[in-house]
Amino acid sequence: MAEIYNHHTVEKKWQKIWDEEKAFRTENDYTKPKFYALVEFPYPSGQGLHVGHPRPYTALDIVARKRRMQGYNVLYPMGWDAFGLPTENYAIKNQIHPKVVTENNVARFKNQLHSLGYSFDWDREINTTDPEYYKWTQWIFLKLFKEGLAYKKEMPINWCTSCKVGLANEEVVNGVCERCGSAVVRKVKSEWMLKITNYADKLLEGLNNVDYIERVKTSQKNWIGRSEGAEVDFSIDGKEDKLRVYTTRPDTLFGATYMVVSPEHPIIDKYKDEITNWNAITEYREMAAKKSDFERTELAKDKTGVVLEGLMAVNPINDTKIPIWISDYVLMTYGTGAIMAVPAHDERDWEFAKKFSLPMIQVVEGKDGVVNIDEAAFTDVATGQMVNSGFLTGLSVEEAKEKVKDFLTEKGIGCRKINYKLRDWVFSRQRYWGEPIPIVHCEKCGYVPLDESELPLLLPEVDSYMPTDNGESPLAAMTDWVNTTCPCCGGSAKRETDTMPQWAGSSWYFLRYTDPTNKEALAGKEALDYWMPVDWYNGGMEHTTLHLLYSRFWHKFLYDQKVVPTPEPYQKRTSHGMILGENGEKMSKSRGNVVNPDDIVRDYGADTLRTYEMFIGAFDLSASWSDDGVKGCRRFLDRVWKLQTILTDGDGYSKDMETKMHQTIKKVSSDFENLKFNTAIAAMMALINDFYKKDAVTKGEYKTLVTLLNPVAPHITEEIWSILGLEGRVYQQSWPVFDEAKTVEATVEIAVQINGKTKTTIAIGKEDPKDQVLTKAKEALGDRLSGNVVKEIYVPGRIVNIVMK
RNA sequence: GCCGGUGUGUCGGAAUUGGCAGACGAGACAGACUCAAAAUCUGUUAUCCGCAAGGGUGUGUGGGUUCGAGUCCCACCACCGGCACCA
C-alpha cells in the first residue's frame, strides 16, 4: 500500500482501464431487465463545466452503477445540446464559425466529464448539430407539418432588440430576453407555430400516470392552466356585433357593471366613427403598444384605462346597459380579449372600479351574510350564496354556475367553454445556428414540405452569420441556397430562412440514445420497445415547464404517429437544487464566486468532488459551496484508504460489527434510491469511525464498504480492490445484501420520560415484554416517581412515558 | 399581488415521518507527535444555573391539538425561487 493516496495517478489509471475494457458500454441484450437513467445533456458553453453540472450527473451515475451491480442492463448516455444563441453570439464576436466553436467547447466538456469518471456509454454520444441527428429533428417537423400542427401565423411577437430574434413568451423573463437580458419589444412577424394547445388535455391527463415529484407536476398543471367556464355574448347597444367574453364566474353575471376590452380588440377600429373620444383612445393604445406583455400584466402597477365614449354594451341576462372600457390588463392572447367586469367579486375588477368610481353590485354573500364589498372583493366560492341574481338567487355558487351555463346555452347567448393558459409554441428563430426548417415557399403552391429523401437539409456554409437589422435570418443573404425549385410544381421557389429554436433538438434526444447510429429511422423499433420509457429522468427545476412540456408534447405526437411505443417519455422525474457560491449567492463571474471543477479535480481528485457534491446537503435543495467541506470529504476518502493499515484476516464480518454492517448496507441501499446521498455517505463515515475505534477491519467488512462506496467514489475503490488482490473489478460485483433480522440490535437504549420529558434512559432486550420494560423504567426513575400515575405509555424500542398528576 | 419552497448550534446539515433534537461533516478549543509548522491521531464543543449529582431553556414568531410536536392545525414574520393581473 502506498502511504498516501495519490489521486492523480490512480484516477488516470482507472479511467484508462475502463475505456479499454469498455466497462460501461450498454449492450442491446434485450433479455435482461433494463434501466434507462437520463440526465439533461449540457449546452456546451464557452465557460466549460460548472460545479453545478456534476451534481445531477453524479447522482444518477450512482444509481446507474448500483443498478448495474444489481444485474440490470443500464443505459446511461450523454450528448450535446449544441445549437443555440450563446455559441452564435460568441462566433460573431470572435469571428470564428459556430461549428468550430461548438467542436472546441464539446471537446473541453468531454474531457472534463471524462475526468470525473462517469459511467456514460460514450459509444452512444449524440450531438444535436450533427446532420445525422438533425435530419430526424427535421423529419419530426415535417410530420408535424403534414398533420397540420405546424402553421404560419402573423402575430405580435416578442422581439429582442439585441439578439434580433423573435422569442416565445416562455423565453421572456422579467420583461427582458432570457438569453441576453436586453429589452423585448412587440413586433409583428410571420412565424412558424406548433399547435401544442391541441395536446393540452393529453399533457394534463398524462401526468396521472407518471411518477414526477409533486412540485414538477404542479408547475406543469399550472402552465397548462385548464379552466372550465363559459363564453357569453354581450350585444353592443344598437349594433349587430356582439362582444364575446370568457369567464370562469358566469354565476356572477348579474353583477357585471361594465366591460373591458384589450386595446388591440378589433371592435375599437370597427366603430371608430361612433367613438367620441378617439384621441384619448389612440393615445392610450400607443402607450400600451410600447409595453411588453410582462409590463402590462405586472400587478404592482396602477390600473389604467379609458372608457369608449359613444358605445354601450348590454348585459344579456337583464338587458342592462353598461359601459365599455379599454385597459391593457386585458390581453388579446388569453380568452377572447374581452371581459365582463364584476367588481364586487373579482380583485382586479374591484381595484379598477375603485380607481374609476364605477358601480358595484353584490351578487354573492357569505354564509353568515356579513360581507363588506366596500373594503374588498368577495371571492369565496366555497361558501358563497347567490343574492340579487334573479333566478339564481338562493343557490350556492357551484349550483349557480351550472344553472346559468344551461340557461346561456338554451337562450343561445353563450355556451360552456374550457380554456387553457397554454399558448402555441413559437417555433421560428431568425438565426443561423439552428436546424433549417425543411419548407419551401412557392408563389403558386404555398408552403411545401421537402421530401423526406432530401433530409437532412444541411445548414449551408456562410461567410457571414451576422444577424440582419431587418429581422431576416442570416440565411436570407445566401441567395444560392434560398433560391430553389418547388418540390410540388417544379417552378422557382424560396427556402424558409428561419431556423428552429434550441428546444427542438432536446425534445426527442432521449429516443436517439436508444439507437444512435440508425440511418433508417430516428431509432429502431426493437430498441425503442425495449428501452422506452426513460425510467428515471433528473433535471433542473428551470426546465420543468419549457423543456419538459415541449418534449412530452413531441413524444405524445410521435406516439399518435405510431413512431414510439409509449404515451409518455419519462416514467419518473426528479429535480436537483442549485449549487450556490460560498457566500450563498448564485455563482456568476460578476459576483466572483465561481468554482471551477477542474481545480477541485486537480487538488483533491474526482472522487472527492463527487463525494462532496453528494454530501453537500439535501439533493433537491440548493446548497452553498464550501472549500472546507471539500477537505472533509477528501479526509474521509483518505481514511477509507488507510483502513488498509488495520486490516485483519477474515472474509466475514466480526461478531461485534455484524449488526452495524447489515444496518449500513440497508441504509446506503435505500438512501441511494431516494436521492439521499448525504445520509448514505454519513452512514459510511460512521462505519469507518467504528473500525478505527476498535483498530481493526476484516477483509470481508472492507470488501463490503468498498463495494457500497464504489458508485460514489469509483476510482479509489477500484484501486483498493486490486491492492487487496480481489478478483475482477468492483463495478462487476453484486450489490451487497443485508439480512433484515440482523439489522436489529440485541439490546436497545430507550428513553424514559415523565409527562413527555426525558429523565433517563434504560437498556432493554429487543424481546422484553412490556411489563418488564415498565418495571425497569420505574426502577430507573426512583423517587422522581411520586404522585399519581395516570397512564403508562410504551412505544416498543423507542420510549416509555409515565404520565403523572 | 398570486403560486411554490425554505427557516434547526459558530457553519453545511441529520432526525426512522408524532417518540431521547443536533447524526455526519466543517470550524473552534485542548492534548499527543514535531526543534517548529503542516499533516495525522485523541478528546471537548446548543445554551443557562450548579463544584457535582442534577435541573431549567431551546428547531423564525404567537397560539392550539396531544401523554408527547422540528414534525400536525390556525394566525403571522423573514428569506429564496417562479409568474401569464388568465377573467
Side-chain angles (χ1 to χ4, degrees), chain A residues 4 169-170 172-174 214-216 218-219 222-223 225 227 229 245-250 252 260 293-294 296-301 303 327-331 333-336 338-342 345-349 351-352 419-423 541-542 544-545 577-578 580 582 584-586 611-612 615-618 620-633 635-636 638-639 642 667 670 676 678-687 689 692-693 749-761 784 790-804:
Chain A
I4 291 172
N169 285 319
E170 293 92 327
V172 181
V173 175
N174 292 337
E214 214 43 51
R215 58 191 170 130
V216 170
T218 305
S219 29
N222 290 346
W223 196 263
S227 67
V245 304
Y246 172 72
T247 177
T248 53
R249 293 294 305 276
T252 61
V260 186
D293 270 12
F294 182 84
R296 285 177 53 161
T297 58
E298 196 174 27
L299 206 136
K301 75 171 173 68
K303 295 281 181 289
S327 177
D328 60 8
Y329 77 88
V330 175
L331 303 173
T333 45
Y334 183 81
T336 60
I339 63 159
M340 64 175 204
V342 185
H345 305 291
D346 181 280
E347 279 169 32
R348 286 149 298 143
D349 297 345
E351 271 177 50
F352 193 87
N419 236 2
Y420 300 92
K421 295 178 192 170
L422 184 68
R423 293 172 217 163
M541 275 309 281
E542 69 274 20
T544 47
T545 41
M578 229 189 299
L580 306 171
E582 200 133 21
E585 290 172 10
K586 203 168 160 174
T611 306
Y612 174 63
F615 188 62
I616 192 169
D620 58 337
L621 301 178
S622 54
S624 304
W625 187 266
S626 152
D627 283 334
D628 283 328
V630 176
K631 282 181 207 154
C633 287
R635 208 172 285 161
F636 162 62
D638 282 336
R639 279 163 68 82
K642 283 186 289 195
K667 175 139 188 74
S670 70
K676 295 176 77 172
N678 52 340
T679 50
I681 291 167
M684 291 189 269
M685 286 171 168
L687 180 67
N689 287 346
Y692 279 109
K693 241 169 240 162
E749 201 169 79
I750 66 165
V752 180
Q753 306 180 327
I754 294 173
N755 294 341
K757 295 251 178 225
T758 302
K759 296 296 171 188
T760 186
T761 59
R784 277 173 290 203
V790 181
K791 208 170 172 184
E792 292 166 341
I793 291 158
Y794 174 47
V795 182
R798 297 253 178 267
I799 56 127
V800 170
N801 188 13
I802 310 292
V803 185
M804 294 196 308

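Below, chain A is the first sequence line, B the second, and so on; all start at residue 1.
- Nearest nucleotide to the side chain of A:K791, out of B:rC67, B:rA21, B:rG5: B:rC67.
- When distances are taken from the side chain of A:T679 to each of B:rG55, B:rG13, B:rA15, the shortest belongs to B:rA15.
- Checking B:rA87, B:rG19, B:rA21 against the side-chain heavy atoms of A:T247 singles out B:rA87 as nearest.
- Between A:M340 and A:R249, the shortest heavy-atom contact is CE-O, 3.6 Å.
- Heavy atoms of A:S219 sit nowhere under 4.0 angstrom from any nucleic acid atom.
- Comparing the P positions of B:rA87 and B:rG4 gives a spacing of 16 Å, expressed to the nearest Å.
- Across all strands shown, B:rA37 has no partner, as no Watson-Crick or G-U wobble contact with both distances under 3.5 Å is found.
- Mapped onto RNA chain B by nearest heavy atom, A:A683 and A:T218 fall at different nucleotides, with A:T218 at the one closer to the 5' end.
- B:rU10 and B:rA46: their P atoms are spaced 10 Å apart (whole Å).
- Look at B:rA14: it lacks any Watson-Crick or wobble partner with both distances under 3.5 angstrom.
- Here NZ of A:K791 is found 12.0 Å from CD1 of A:I802. Values are rounded to the nearest 0.5 Å.
- Among the heavy atoms of the strands lying under 4.0 Å from A:N689 are primed sugar atoms or P, OP1, OP2 only; no base atom is included.
- Here the side chain of A:V803 is nearest to one of B:rA87, B:rC67, B:rG19, namely B:rC67.
- One P atom belongs to B:rG9, the other to B:rU61, and the distance between them is 10 Å to the nearest Å.
- A:G632 comes within 4.0 angstrom of sugar-phosphate atoms only, judged by non-hydrogen atoms across all strands, and of no base.
- If you check every strand for non-hydrogen atoms under 4.0 Å, A:E749 touches a base.
- Under the 90° criterion around 0 for the glycosidic angle, B:rG9 counts as syn.
- Here the side chains of A:R639 and A:N689 are in contact, with some heavy-atom distance below 4.5 Å.
- Taking atom CD1 of A:I802 as the reference point, atom P of B:rG19 lies 19 Å away to the nearest angstrom.
- No side-chain heavy atom of A:W625 sits less than 4.5 Å from a side-chain heavy atom of A:L580.
- Here the nucleotide nearest the side chain of A:D628, chosen from B:rC20, B:rC24, B:rA26, is B:rA26.
- Nucleic acid contact class of A:I616 (heavy atoms, under 4.0 Å, all strands): sugar-phosphate only.
- The side chain of A:N678 sits closest to B:rA14 out of B:rA84, B:rA87, B:rA14.
- Taking atom CG of residue A:L621 and atom C1' of nucleotide B:rG7, one finds them 11 Å apart after rounding to whole Å.
- Qualifying salt bridge (Lys or Arg N to Asp or Glu O under 4.0 Å) partners for A:K667, counting only residues two or more places apart in sequence or in other chains: A:D671.
- Within the nucleic acid shown, A:A618 comes within 4.0 Å of sugar-phosphate atoms alone, with no base atom in reach, counting heavy atoms only.
- Taking atom C1' in both B:rG25 and B:rC74, one finds a spacing of 38 Å when rounded to whole Å.
- The shortest distance between the side-chain N/O atoms of A:S227 and the OP1/OP2 oxygens of B:rA87 is below 4.0 Å.
- For B:rU6, the paired nucleotide is B:rA78, the pair qualifying as Watson-Crick or G-U wobble because both relevant distances are below 3.5 Å.
- Nucleotides B:rG22 and B:rG7 have their C1' atoms positioned 16 Å apart, rounded to a whole Å.
- Rounded to whole Å, atom P of B:rG54 lies 12 Å from atom NZ of A:K759.
- Look at CG on A:N222: it is 12 Å from C1' on B:rC86, rounded to the nearest Å.
- One distance of note links OH of A:Y420 with OG of A:S227; it measures 9.0 Å at 0.5 Å rounding.
- Nucleotides B:rU65 and B:rC77, compared at atom C1', are 23 Å apart to the nearest Å.
- Counting non-hydrogen atoms under 4.0 angstrom, A:N419 reaches nothing in the nucleic acid.
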Heavy-atom contacts, protein to nucleotides 39-46 of chain B, under 4.0 Å, summarised as B (base), S (sugar-phosphate only) or - (none) per nt, yield -SS-----
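- To the nearest 0.5 angstrom, A:I754 atom CD1 is 9.0 Å from A:N801 atom CG.
- Separating the P atom of B:rG13 from that of B:rC20 is a span of 23 Å, rounded to the nearest Å.
- The side chain of A:K676 sits closest to B:rA15 out of B:rU16, B:rA15, B:rC86.
- Taking atom CE on A:M685 and atom C1' on B:rA26, their separation rounds to 10 Å, with Å as the unit.
- For the pair A:I750 CD1 and B:rC20 C1', the computed distance is 10 Å after rounding to whole Å.
- Rounded to an integer number of Å, the gap from A:Q753 CD to B:rA21 P is 7 Å.
- In this structure, B:rC29 forms a base pair with B:rG43, meeting either the Watson-Crick or the G-U wobble geometry with both donor-acceptor distances under 3.5 Å.
- Taking the O4'-C1'-N9-C4 or O4'-C1'-N1-C2 dihedral as appropriate, B:rU59 has a value more than 90° from 0 and is therefore anti.
- Contact annotation for A:T248: backbone-only contact, meaning every heavy-atom pair under 4.0 Å involves sugar-phosphate atoms and none involves a base.
- With sequence neighbours excluded, no residue forms a ring pair (Phe, Tyr, Trp, His ring centres under 6.0 Å) with A:F615.
- With rounding to whole Å, A:N801 atom CG is found 17 Å from B:rG18 atom P.
- For the residue pair A:D627 / A:Y612, no side-chain donor-acceptor distance below 3.5 Å is found, with atom types taken as modelled.
- Base pairing annotation: B:rA21 forms no Watson-Crick or G-U wobble pair, as no partner gives both donor-acceptor distances under 3.5 Å.
- B:rG64 sits 43 Å from B:rG27 when the P atoms are compared, rounded to a whole Å.
- Salt-bridge formation is not detected for the pair A:R635/A:D638: no Lys NZ or Arg NE/NH1/NH2 atom is positioned less than 4.0 Å from an Asp or Glu carboxylate oxygen.
- Map A:T336 and A:Y612 each onto its nearest nucleotide of RNA chain B; the residue landing nearer the 5' end is A:Y612.
- The line from NZ of A:K676 to CD1 of A:I681 is 13.5 Å long, rounded to the nearest 0.5 Å.
- B:rU65 is unpaired under the criterion used here, namely a Watson-Crick or G-U wobble arrangement in which both key atom distances are under 3.5 Å.
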